[in-house]
Amino acid sequence: MKVLITGGAGYIGSHACKALANAGYTPVTFDNLSTGWRDAVQFGPLVEGDLTDKSSIERAFQDHAPRAVLHFAALSRVDEAMAKPGLYWRNNVLGSLNLFETAVAHGCLDIVFSSTCATFGDQDDVVLDENTPQHPINAYGASKQAVERMLEDFETTFGLRHVIFRYFNVAGADPDAEIGEFHRPETHLIPIVLDTVAGERDHVTIYGTDYPTHDGTCIRDYVHVSDLVDAHILGLHWLLDGKGSRAFNLGTGSGFSVRDVIGSANRVTNRTVPTNIGARRAGDAIKLVSGSRRAEDELKWTPRKSTMAQMIEDAWRWHQVADYRQ
Ligand code: UDP
């Protein structure tokens with residue numbers, strides 16, 4: 001059975017392709033290679049195309065007739081969204097609209113959608129569950145919230161059934177070190193810390209130490225990419241079993257500050273990462289921690305690898321052997 005993976009050349013999408021192939025599906029990657037890597041597409045065919053170009057997504061449906069879609073393709077950097085909100089609305093919202101219209105036209109009515117905890121915005125000390133009101137504070141979160149709403153409208157009118165996953169911070173790499181996290185430019189904390197350990201950067205800048213948290217730095221909930229893609233297989237099965245549309249938060253419920261992450265990386269790699277204190281980064285929420293057990297209770301999702309040490313260990317192993325980082 002073919003499953004279309006938009007963004008399959010990216011960090012999370014490529015791990016999803018591997019998990020799908022292992023589960024017996026053929027993952028067909030649809031990617032414009034703007035932030036993804038051709039060499040990360042190892043588990044099924046690649047269709048090069050851009051979701052903002054409707055004819056290219058139409059071709060992918062004609063050529064492959066996928067049974068379902070896992071929709072990862074999006075721009076996802078808060079700093080970039082603050083500088084270029086129009087780019088985020090055009091790419092993430094128009095791209096999703098083209099995808100959903102094409103899927104409906106081809107009778108492909110099961111979609112797993114990558115959303116984000118950034119749809120919740122800044123909510124003080126609240127643990128974020130699926131009932132928490134969404135008040136995004138940047139164009140990235142707002143564009144994802146808009147697509148969530150679009151899915152509801154497409155279900156009402158066309159029967160497009162969907163599982164929405166709101167990711168917290170995804171980390172780690174394939175335990176076999178075949179694929180991992182790599183962006184150019186790199187903006188994410190753990191890869192930046194590991195680049196610094198590897199001597200590719202002089203230091204890590206900590207974006208703000210005056211937040212109202214235990215050590216003054218922002219808190220995030222980190223989930224291992226292998227656990228995250230396991231949830232996607234469960235989400236796909238949920239839809240193929242005919243269960244109703246549902247949104248799930250994917251986090252572990254444990255919060256780690258920027259300084260906690262750096263401390264853990266120091267221990268795992270047995271080095272001391274040099275740090276500088278910088279200004280707060282625009283658009284950053286103080287604390288994003290998942291308070292939900294819905295994915296565990298209903299999807300029967302069990303995060304197995306999401307300890308900070310394991311995530312850094314797997315990311316570090318891949319970092320040292322990765323060929324497409326060169
Ligand atoms: N961060 C940092 N220095 C960096 C990169 C990130 O202090 O060089 C902080 C960032 O402000 C946030 C946390 O690390 O509080 C996680 O950031 P990341 O970009 O990895 O993910 P985000 O939470 O933005 O999705």
Side-chain angles (χ1 to χ4, degrees), residues 7 10-12 35 72 74-85 88 92 114-124 128 134 136-145 165-173 180-198 200-225 228 249-252 254-266 273-290 306 308 311-312 315-316 319:
Y11 168 43
I12 303 170
T35 57
F72 296 94
L75 294 172
S76 62
R77 278 172 44 197
V78 170
D79 62 321
E80 188 180 50
M82 296 301 289
K84 299 176 183 171
Y88 273 63
N92 293 357
S114 304
S115 188
T116 168
C117 61
T119 58
F120 292 113
D122 225 346
Q123 312 233 4
D124 292 330
L128 305 167
Q134 293 167 292
I137 58 170
N138 54 57
Y140 168 53
S143 68
K144 289 286 187 172
Q145 185 192 21
F165 286 127
R166 299 190 191 114
Y167 307 159
F168 285 69
N169 286 56
V170 188
E181 180 173 17
F182 179 47
H183 308 99
R184 276 289 177 266
E186 190 54 78
T187 61
H188 293 290
L189 178 62
I190 292 177
I192 284 177
V193 169
L194 296 179
D195 287 351
T196 311
V197 171
E200 296 165 22
R201 286 172 186 259
D202 298 339
H203 61 268
V204 179
T205 300
I206 299 176
Y207 295 143
T209 54
D210 59 348
Y211 286 99
T213 62
H214 67 276
D215 63 13
T217 65
C218 285
I219 292 179
R220 298 287 182 272
D221 179 339
Y222 293 83
V223 57
H224 196 297
V225 66
L228 189 93
N249 291 358
L250 293 180
T252 66
S254 300
F256 292 85
S257 71
V258 175
R259 283 187 161 131
D260 292 336
V261 171
I262 294 170
S264 186
N266 286 343
V273 179
T275 56
N276 275 2
I277 310 297
R280 290 184 176 197
R281 187 172 65 175
D284 268 347
I286 301 167
K287 177 178 173 183
L288 292 168
V289 176
S290 169
S306 297
M308 184 52 68
M311 289 185 277
I312 292 176
W316 180 227
H319 196 287

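When a ligand or atom number is given, it counts from 1 through the structure's own listing order. Position 1 is the first residue of the sequence, and the numbers go up from there.
Listed by chain and number, Asn169, Thr187, His188, Leu189, Ile192, Thr205, Ile206, Tyr207, Cys218, Arg220, Tyr222, Val258, Arg281, Asp284 each place a non-hydrogen atom less than 4.0 angstrom from ligand 1.
Judged as a salt bridge (Lys or Arg N to Asp or Glu O under 4.0 Å), and not counting sequence neighbours, Asp260 has no contacts.
Side-chain N/O atoms of Thr205 and Asn276 include no donor and acceptor closer than 3.5 Å. At a cut-off of 3.5 Å, with distance as the only test, a side-chain donor of Ser257 or Asp215 sits close to an acceptor on the other residue. Inspection of the Tyr88 and Glu80 side chains reveals an N or O donor paired with an N or O acceptor under 3.5 Å.
Using a 4.5 Å cut-off on side-chain heavy atoms (C-beta onward), Asn169 and Leu189 make no contact.
Between His183 and His188, the ring planes lie tilted relative to each other; the angle falls in the 30° to 60° range.
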